[in-house]
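Read the numbers this way: they start at 1 and go in the same order the structure lists the ligands and their atoms. Throughout, numbering of the chain's residues begins at 1 and tracks the sequence. Note: hydrogens, waters and symmetry copies are ignored here, and every other heavy atom, side chains too, is used.
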Amino acid sequence: MSIQWYPGHMHKASKEISKTLSQVDLIIEVLDARIPYSSDNPMLERIRKDKPCIKLLNKSDLADTTITAQWQTFLEATRGIKTLTTSTATPEKINQLPTLIQKLLPARQNKDRVLQAMITGIPNVGKSTLINRLAGKAITQTGNEPAITRSQQRIRIKGNIILHDTPGVLWPKIENHNSSYRLAVTGAIKDTATDNEDMALFAADYLLRDYPELVKARYSLTELPDSAGELLEIIGRLRGCLRAGGNIEYDKAAKLFLTEIRAGTLGPISFETPEIIEAELAELAIRQQREQEKKALRKKTGRKNRKTR
Ligand SMILES: Nc1nc2c(ncn2[C@@H]2O[C@H](COP(=O)(O)OP(=O)(O)OP(=O)(O)O)[C@@H](O)[C@H]2O)c(=O)[nH]1
Ligand SMILES: [Mg+2]
């Protein structure tokens with residue numbers, strides 16, 4: 001199943017981002033360090049052309065440090081852009097940003113010229129929090145759910161820089177189904193557009209395979225369960241998510257599991273490494289080709305049927 005979330009306000013915000021892009025000197029795209037591939041807006045790469053860009057790997061406190069370092073090396077080598085790992089837990093990294101912006105725009109810098117930078121990224125990735133940290137006060141609204149910022153806002157920070165805060169945006173069609181699950185599991189997609197059990201099973205499958213020790217430690221297990229469903233059942237029993245008669249309340253167990261993953265309660269987790277990109281793109285190409293073939297066949301047989309009538 002594919003999860004899609006592209007409400008009207010996001011469509012409007014995307015159009016405004018394209019417009020603002022021509023007025024700013026630089027773009028700061030905030031990626032989620034747990035999913036640098038899936039949180040990278042494919043539309044931005046197309047519209048930014050040669051405008052300077054910094055990609056932040058934010059919420060790095062929730063990601064696997066070794067894998068985040070691999071992503072930094074990979075993005076800088078393959079995209080030719082500057083990256084910075086940031087999180088609210090490391091304010092000194094956030095404070096490097098004004099200097100980095102000035103370094104990337106030496107020609108545009110003189111003492112009277114204000115530098116303009118636009119901060120963009122998926123919903124709930126921490127854009128407004130970052131801006132508030134840089135401004136030293138709570139100017140823009142933040143919150144632990146997607147779609148908090150609904151319109152653009154400008155904030156002046158030190159170093160003669162104006163930052164444009166923008167609403168979090170996704171894109172009209174998330175082609176890779178794994179990406180839509182990862183975006184949902186990490187909290188970028190509104191709950192009403194998703195199914196808790198479905199997301200929790202996806203996450204459980206991944207964690208059982210890639211982070212078995214964290215699962216064992218968090219839920220006091222000596223042995224791993226055989227399946228994602230079994231893990232949810234264990235969590236349900238452990239946390240008392242039970243209906244009358246002792247049956248597991250799976251939706252409640254799933255919600256609880258997702259809340260713990262999102263808060264980093266199990267420990268730092270990365271859901272993607274640079275190596276997965278190639279394999280997933282190949283898988284996607286095969287799926288798309290099959291869909292094309294099916295479409296062509298339907299068209300052909302439809303025409304034939306009409307002729308024989
Ligand atoms: N663990 C962790 N949480 C963070 C970090 N940065 C922000 N958050 C939390 O993430 C949530 C979303 O933060 P916001 O700053 O509102 O995110 P946003 O990108 O502006 O979201 P929208 O405006 O909805 O697009 C809040 O609960 C923040 O406290 C971080 O570095 N680490
Ligand atoms: Mg915001």
A.B. asks: How about Ser128 and Thr149: does a side-chain donor come under 3.5 Å of a side-chain acceptor?
C.D. replies: yes
A.B. asks: Run Arg79 and Lys55 through side chain to side chain contact (heavy atoms under 4.5 Å, CB included) and show every step you take.
C.D. replies: CA-CA 10 Å; Arg79 300 283 192 86; Lys55 288 197 197 268; 3.5 Å; yes
A.B. asks: Do the side chains of Leu57 and Leu62 join up, straight or via other hydrophobic residues, at under 4.5 Å, putting them in one cluster?
C.D. replies: no
A.B. asks: Taking atom types as modelled and ignoring hydrogens, do the side chains of Asp198 and Tyr181 form a donor-acceptor contact shorter than 3.5 angstrom?
C.D. replies: yes
A.B. asks: Does a donor on one side chain and an acceptor on the other come within less than 3.5 Å for Thr273 and Gln70?
C.D. replies: no
A.B. asks: Tell me which one of His9, Met10, Met43, Lys12 satisfies side chain to side chain contact (heavy atoms under 4.5 Å, CB included) with Val169.
C.D. replies: Met10
A.B. asks: For the Mg ion (ligand 2), how many protein N, O or S atoms come closer than 2.8 Å?
C.D. replies: 2
A.B. asks: Listing by chain and number, which residues have a heavy atom under 4.0 Å from ligand 1?
C.D. replies: Asn58, Lys59, Asp61, Leu62, Ser87, Thr88, Pro123, Asn124, Val125, Gly126, Lys127, Ser128, Thr129, Thr142, Gly143, Asn144, Glu145, Pro146, Ala147, Ile148, Thr149, Gly168
A.B. asks: Going by distance alone, is a donor N or O of one side chain under 3.5 Å from an acceptor N or O of the other, for Gln288 and Gln292?
C.D. replies: no
A.B. asks: Can you confirm whether Lys51 is buried at NZ, in the sense that more than 12 heavy atoms of other residues, nucleotides or ligands lie under 6.0 Å from that atom?
C.D. replies: yes
A.B. asks: Roughly how far apart are Gln153 CD and Thr166 OG1, rounded to 0.5 Å?
C.D. replies: 11.0 Å
